[in-house]
Amino acid sequence: MQINGNFCGLVLNQPLGGLNVIEGLPLLADSTDGMASVAAYTYHQHSVVFIGTRSGSLKKVRVDGSQDAYLYETVPVVDGSPILRDLLFSPDYQHIYLLSEKQVSQLPVETCEQYLSCAACLGSGDPHCGWCVLQHRCCREGACPGASAPHGFAEELSRCVQVRVRPNNVSVTSPGVQLTVAMRNVPDLSAGVSCAFEEVTESEAVLLPSGELRCPSPSLQELQALTRGHGATRTVQLQLLSKETGVRFAGADFVFYNCSVLQSCMSCVGSPYPCHWCKYRHVCTSHPHECSFQEGRVHSPEGCPEILPRGDLLIPVGVMQPLTLRAKNLPQPQSGQKNYECVVRVQGRQQRVPAVRFNSSSVQCQNASYSYDGDEYGDTELDFSVVWDGDFPIDKPPSFRALLYKCWAQRPNCGLCLKADPRFNCGWCITENRCQLRAHCPAPKTNWMHPSQKGTRCSHPRIIQVSLLHQSYTSCCAPVRSLLTLPSYTTLQIYPLMGPKEGGTRVTIVGENLGLASREVVLRVAGVRCNSIPTEYVSAERIVCEMEESLVPSPQPGPAELCVGDCSADFRTQSEQLYSFVTPTFDRVSPTRGPASGGTRLTISGSSLDAGSRVTVTVRDGECQFVRRDAEAIVCISPVSTLGPSQAPITLAIDRANISSPGVIYTYTQDPTVTRLEPTWSIINGSTAITVSGTHLLTVQEPRVRAKYRGIETTNTCQVINDTAMLCKAPGIFLGQPQPRAQGEHPDEFGFLLDHVQTARSLNRSSFTYYPDPSFEPLGPSGVLDVKPGSHVVLKGKNLIPAAAGSSRLNYTVLIGGQPCALTVSDTQLLCDSPSQTGRQPVMVLVGGLEFWLGTLHITAERALTLPAMMGLAVGGGLLLLAITAVLVAYKRKTQDADRTLKRLQLQMDNLESRVALECKEAFAELQTDINELTNHMDGVQIPFLDYRTYAVRVLFPGIEAHPVLKELDTPPNVEKALRLFGQLLHNRAFVLTFIHTLEAQSSFSMRDRGTVASLTMVALQSRLDYATGLLKQLLADLIEKNLESKNHPKLLLRRTESVAEKMLTNWFTFLLHKFLKECAGEPLFLLYCAIKQQMEKGPIDAITGEARYSLSEDKLIRQQIDYKTLTLHCVCPESEGSTQVPVKVLNCDSITQAKDKLLDTVYKGIPYSQRPKAEDMDLEWRQGRMARIILQDEDVTTKIECDWKRVNSLAHYQVTDGSLVALVPKQVSAYNMANSFTFTRSLSRYESLLRTASSPDSLRSRAPMITPDQETGTKLWHLVKNHDHADHREGDRGSKMVSEIYLTRLLATKGTLQKFVDDLFETVFSIAHRGSALPLAIKYMFDFLDEQADQRQISDPDVRHTWKSNCLPLRFWVNVIKNPQFVFDIHKNSITDACLSVVAQTFMDSCSTSEHRLGKDSPSNKLLYAKDIPNYKSWVERYYRDIAKMASISDQDMDAYLVEQSRLHASDFNVLSALSELYFYVTKYRQEILAALDRDASCRKHKLRQKLEQIISLMSSNG
C-alpha cells in the first residue's frame, strides 16, 4: 500500500505497525493530585511548566533537560475543585489565568518575595528568583536596582554573601573590643557601611585596604542592655547596614559570654569560653588576675575541688557513726574562713554536722546519728553535701547518692528480711522476731540469720492465696501506660480453682517465707506435681508453677502442698483452697458468619470454659483475639480468613487440653462494601441521617461511620436495615477555627468501621462535605415573644438550608410547649404553624443533634364577648329568624296552588343541584389544600438515582433489564477475532453509512429493528463518542436531505422514529445528559413524581381499574362519591420486631395490597425500590392483644360475593380501626393461601398482556383490566367501582351523566396542587443555567448543527427551525424521561401515576409547539386543563432557544475533547463484544444486500470493505 495524501484518516493503517514499542519517558509523575491542565514557557534558558491539578492546586516545575525536572512550588487555588483545561498567560508573562468550575483565578507566575533569605531564595529552585544583595530581598533581576553591578545580584547559592567575624565572642566585662569583619561576594561598599548589634547599638565601620571592615564591640552600658537576664551566653546578630540603600544586607552570629553567673567550678572551667575558677573566692571570672592566690586559679576540671565517686553512701537509722568521704583538691580554709561541715536534708529538716579535712583528698563528718519518720519506706535518699566557709559547696559527681535505711521497715517476716539489699547488712533476729543489724540482735552467733550464712532458710512457710495465672485482655483503646507496665498475664483469684486433666495450668502461690530460691521449693497441687517456673518466681513471696498431667482417670480435688528444702513440719505447709480437674466443652458459636477480613466478636458457648490459665481459640488456622471468658462463654475477635469466604472449624486449646466440636462451624462471608452515600454532606455538628448503600452489611455487628479532620478522628453509630442498606448518623468534626466556610469543609478521611474491613475505612471516591451548623436568633431582646392564637411563628436564623446539591434537607423539629408544629423552611427562617396552646410556652428547635432554646412564646387568647353584647346578639338573631319565618310562610301560601308535576320536577332539580353543589364544594376545598403540606412531606426524601449502566440500558433497550450488552460473551477464539474485526469495520464511516442505509431500504426491517440497530451501534461506539457524533451528524444530514427531496413538510423532520438516525439521536442525548439529570433536572422530576404519588394516594384508588379520586387524567378519574376515612396504623418494622413502631397513614377503603404498599413506602422511606421487600412477598398481620393475630388478604373465605361480582377485601372489610398495630411478615404458605393465590392470579392473568409495557412494571397495583367474567367461576372482581356500563351502576337518566361530569372539577383541584412541581420541572429544563449547573454542551452543539443544516438548505422560516429543535430534544429525550421516570430512578410507577405523567408530558410537548391550539367544548380534558398555562410555557421555550442561539459556538475540537472524556468515564460500562454479536445478526440476515451495497459504493470499494466483511463472515461461519 502506498502512503500518500489520502492515507491519513484510514481505519486500518497496517504499514505503520511494528514490533518496537515507542515509549515516552515521564519528566514528572504525580499519583496523588492528578494532572488536569498544563501550560509552559521559556524563561532564561529554563522551561517553566505550570500544571493544574484535579485537587485544585497549581504546580510549578522547572525543566532543565530531557531527564531533569524539578517541582519547586505548589500553590493552592480552589479547595476541592479541579482546574479546568486551557491555562493562559498574560501578554507580559507576569501572570497566569486558571479556570475552575465556579471561578477564574489570576496568579503571578512567581512569588519570589516569600523567600526572606538568600539561601531560601536561591535554594527554592524558582528560575525567576535571584537575590538582590544590597536590597536584601528575593526578586526578579529586573526588579533589583543594582543588579548590573558586580555581585549586586546573586543567582547561584554559592554567590550568597558570606560574613566572618574575628573574634566571634567577647566577655560582657570587656567593652569596646575592635572586631574584624571579613566578607565574600559583596558589591562595592565605598558608599559606607555601619555595624549594628540588633536594635541596641550601631556604629560606623572602617573599610580596610584588604576589603575587610573594622567595628567596635558595644560599650559597657550597651552590653548590659544586650545581656541582662540572658544567663551565661547571649547570641546576637552582627548586621552590616549599607548607607547606599539603608538596608541591612548581611550579618553573622556573635556571642557575649558572662562567666560570673556560673556557680560551680566544674561548670565554670567546662565552659567553651575562657572562664577561670577562683578556688578560694568561690567565683568564676574571665580575668584570672582577679583570683587572690596564684595557686587558687583553676583552669581545667582536673583542678576543681570535688567529692570522688565510690558508690552509694549507706547510712543506717539511729546508729551513731562518722562518715568518711574521698575527695580531691580540697582547699585549706584561710584566716577568717570557716571550716568544713556536712549538710543533710531529709523530710524538710536540715542537719549540719562538723567535718574535719584530713588533707586535700579526704574529709570526715563527725559522729552523728540520722533518722526519718515512718516505716512506709525501707530506705530514702538524702540531700547530702559538704560545704566550707559557711556556704561554699564542694562539687559532687552526678552519680553521688546518700541512702538512709531501716532494716525492719517493710520487712515484717524472715523471707522479706533475708532478700533485702545485701549492702544494708540486714538479718533476721530469731529471738526478737525482727529484721535487725547484727549489732542490735542479742547473741548474734546463734540468733541472727543472714543470706551470706550457708544453708540459711526461713521456717514456717505460709500460703496466703492460691490463684490461676489468667490471660488479661488489653483493649485497643487502653492508655499506653498500661501497655508498658502490665505483663501479658495478670493474677486473678478464681473460686473454685479449676484446670484440665491434661495439665499445663499455671498456678500462682502467694505467701510468706516461700524460700530464697525456686530450686528450694517443692510443690504438689491436688496430688499432681507442679513444676516451678524460675522466671516467674519472686523470692520468699510468690512462686508460679505449671501442672503436669494427671494420670488418674477421675482425679479428686485437693489442696496445694509446699515444702522448702525438706518436708519436715517446720518447713511444710498447704493451702486451704482446693484445686479441681474439669473437662471443658463447647457446642455453639454466635454469630455463625462474618466478613472474611475478621473483626467479628464471637461468643463460644459451652461449659467449664473458665478453667485453666490459658486459652487459645483458633478459627481454622488463625488465632481469635481473646477478649474475656466465664464458665459458659469465651468471647474473642475473629481473625482474617486466609482462604477468603469459606467455612472454618473452631478449636479451643485450654492449657494442654485441645477441644473441638465438629458440629460448630463458622462461615466467612464476602467483606461488606459501601457503594453509595445519600446525602454526601452533613453539618459540622454531625448527627444528620445518611443512607448508606452497599453489600453484605448484615454481617457487620456494630458498624460505625468515621471522619478524620486535622488529625482528630470522630465516629458515630449506624443501624443496618438489610444486607444492602443501613442508616448512619454523620460524625461531627472539630474545626479548630471560628468560622467554617460557606462552601463547606472536606474531611481528610471519611469512611466506615466495619469490623476489620480496611477497604471501607477511607472512601477515596467520596467527597463528603461539612456545612456550617444552623444558628437561630432569640425570640426578641428579652427572650419572650407575644403572639395571638392563629398567628404563625417566625424563627429567624442562618445556614438553615446548607448549600448542598440534591434534594436532601435538614430535618427540623420545633417544639412549642413540648408539642411539634408543622414547618416551612427557608434559608433564613422557619415558619411554624399557629400553636394551639395558650399561656407561656417554651420554644425549642432540634436539628442534627443540636438543641436551641430560643425563649418563650406568650400566647394570649382573644377576650370573650361581654354579657350585654351576647344578649344583644341573641335578641337580634331572634328577630332575624322571625322575619325569615314570616317570609317563608308567605311564600308557601303563594305556591300552594302550583302544579304537582312542576313540583316533582323541581324536587328532581333540587336533588341534582344539591349533588352538584356538594361536589363543587369538595373540589374547591381540595384546591385550597396548602401546597406546603405536600412539600414538607417530601423533605428529606433522598433521590434514588440509577447507576449509569442501568439508566442507559433502560432507555436504549426498554423492557429488557438483563440485556446481553451487560454480560460477558463466552465465544470461541475465531468468533472473538471476527467480532473484533467487525468492530474495526464499524469505525469506518463509509461502511457504517452504507450498512445503515441498506438496512433501512429493506421492507422487512421493522421499526423495532431500527431502534435495536441504533442502540447497539451506540453501545459499540461508546468508547469513541467523538466518532459516533460525526457519524450521527452525517446520518441526520442525510435524513434532512431525504425529507426535503420527498417534499414532506419540513416540520415533520424527527417527528416520528422512522429511521436509525432518530433513535441514535435519542441515545446520544441519553449518554450526554446523564450528568445534567443527576445534578440538575433529576431533582424537580423526582419531586414531581413524588408529589403525584402522594396526591393520588391521599384519596381512594381502585385496585382493579386503576381509577383514582385525585387524577390529572380524565380516563383514570373515579366518577362516583366514595366514602372513606383516613386511618393511622402502627407498623412493626419487618427487619426487627423490637424496633420502634412506625406510624403510617392509610385509607379504610384501601385493598390489603394497597395498604401493604403504603406501609412499605413509609417503613423503607429513602431506600431504593429494588432493595426493599415487595408487597407480594409479605403478609399483613393485624395484631390484637398479645396472642390474637390475623393475616389480612385481598381474597379469602370472608370475601363478599354479590350476584356475579366478587369484591376485593379492604381494611374496612376487616373493620380495622384507627391506631391498630400491624406487622409485615414474610408470606405464609398454606393450603388455602396457595389455592386462593392461584384463583386470584388466574382471575387477573388474562389482562396482563394489556398492562405489560416498558414504562409500567407489572404488579397488582399497576393492573387496570376490563371487568370480564371468570370463565370457570362466573364471577368478576371489583374493588371500589364496577364497570360504568353495568346494570348495577347505570342509573339511566340525564341527571346522573351531568353529575358524573361534575367530578371533572377534581382534575382542577389536583392540577392546582401539583402546579408548583410542574412549573419547577419546566423551568429547570427550559433554562440555560439553573441551580448552579451550566447548559450541557451536547444541547448547544446539536442546536447549532440544526441551524447550520437549515442555513445550507436556505430554510429561513423560524417556525421550522423551532420545530426541528423541539423534535430533536424535548420530543426525543425529555418526553421519554418525563413519562418514564423509572428510567432515571430506582422507583415503581403504577398506572395512575403513569396516566398523570402522560398528561404532563403532553403539556410539555404542546409547550414546544409553534401552532396555536383552538380549544372548544369537545377538546380533550388534558388540553383544557393546562390551556392557560401553555402560552406562558411557550414563552419559556422561545426564550430558551433564543438564549442558546446567543451563546458562543462550541468548536469541534472542544466538543471532541468533551466526548473523549465522556467515553473514558464510561469505557467499561458495556460489553462491546456482546453488542457486536447482537449487531452481527443483521449482517447475517441481510448479507447479500449489504455485500451488494458495499460493491456499489466507490469509497467502500477503495477501502476493500466487501473483502473485509467477507473475511469476517468466513471466520464466523467456521465456528463449529
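Annotation for R1487: atom CZ does not count as buried by contact number, only 12 or fewer foreign heavy atoms lying within 6.0 Å. Counted within 6.0 Å of NZ on K1504, heavy atoms from surrounding residues, nucleotides or ligands total 12 or fewer; the atom is thus considered open.
By the 4.5 Å heavy-atom criterion applied to side chains, V1377 and V1384 are counted as neighbours. Contact annotation: the side chain of L1035 approaches that of L993 to within less than 4.5 Å [non-hydrogen atoms, C-beta and beyond]. Side-chain contact between V1060 and L999 is absent, with no heavy atoms from C-beta onward closer than 4.5 Å. You'll find the side chain of R676 stays beyond 4.5 Å of the side chain of D947, heavy atoms only. Using a 4.5 Å heavy-atom cutoff, the side chains of P1336 and K1075 are not in contact. You'll find the side chain of L1369 reaches within 4.5 Å of the side chain of L1073, heavy atoms only. Side-chain contact check for I1339 versus Y1440: some heavy-atom pair is nearer than 4.5 Å. The shortest distance between side-chain heavy atoms of F1404 and F1326 falls below 4.5 Å.
Side-chain atoms of H696 and D671 include no donor-acceptor pair closer than 3.5 Å. Side chain to side chain, T1029 and Y1341 fail the donor-acceptor criterion of an N or O pair below 3.5 Å. For the 3.5 Å distance criterion, the side chains of T1012 and D1009 fail to qualify, holding no donor opposite an acceptor. If you check the side chains of R1353 and Q1349, you find a donor sitting under 3.5 Å from an acceptor. Of the N and O atoms on the side chains of T673 and T695, at least one donor lies less than 3.5 Å from an acceptor on the other residue.
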task: Would you sort out whether L979 and M1516 count as a side-chain contact (heavy atoms from CB on, under 4.5 Å), showing the intermediate values?
output: CA-CA 8 Å; L979 291 177; M1516 294 290 285; 4.3 Å; yes
message: Walk me through whether F1343 and Y1441 qualify under ring pair (Phe, Tyr, Trp, His ring centres under 6.0 Å).
response: CA-CA 9 Å; F1343 278 18; Y1441 290 171; 5.4 Å; yes
message: Test side-chain contact (heavy atoms from CB on, under 4.5 Å) on K1365 and I1444; report intermediate values, then the result.
response: CA-CA 11 Å; K1365 293 172 183 177; I1444 293 176; over 6 Å; no
task: Start with the C-alpha gap between D1344 and K1340, add the side-chain angles, then the distance that decides, and say whether salt bridge (charged side-chain N to carboxylate O under 4.0 Å, His left out) holds.
output: CA-CA 6 Å; D1344 283 355; K1340 170 65 176 172; 3.1 Å; yes
- prompt: Does the side-chain contact (heavy atoms from CB on, under 4.5 Å) test come out yes or no for L986 and F991, once each step is laid out?
  reply: CA-CA 7 Å; L986 284 184; F991 173 80; 4.1 Å; yes
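Looking at H1074, its side chain never comes within 3.5 Å of a backbone N or O of T1070 through a donor-acceptor pair. At distances below 3.5 Å, not a single donor-acceptor pair connects side-chain atoms of K1389 with backbone N or O atoms of L1397. In this structure a side-chain-to-backbone donor-acceptor pair under 3.5 Å is present from K1174 to Y1169. N1067 places no side-chain N or O within donor-acceptor distance of the main-chain N or O of M1018, the cut-off being under 3.5 Å. Under the 3.5 Å distance criterion, the side-chain polar atoms of T675 are matched with a main-chain donor or acceptor of S693. In this structure, the side chain of Q1002 engages the main chain of T998 through a donor-acceptor pair within 3.5 Å.
Relative ring orientation between F982 and F995 is described as perpendicular, the plane-to-plane angle rising above 60° on a 0-90° scale split at 30° and 60°. Under the 30°/60° scheme for interplanar angles, the aromatic rings of F1470 and F1071 are found to be tilted. Ring geometry, Y1486 versus Y1482: the interplanar angle falls under 30°, so the pair is classed parallel (tilted spans 30 to 60°).
Using a 4.0 Å cut-off between charged side-chain N and carboxylate O, E1062 and R1010 make no salt bridge. Under a 4.0 Å N-O distance rule, the pair D1347/R1361 qualifies as a salt bridge. Under a 4.0 Å N-O distance rule, the pair D1454/R85 qualifies as a salt bridge.
Taking the six-membered ring wherever Trp is involved, the centroid distance between the rings of F945 and F1385 falls below 6.0 Å.
The minimum heavy-atom distance between I943 and E1083, with the atom names listed, is CD1-CA, 3.6 Å.
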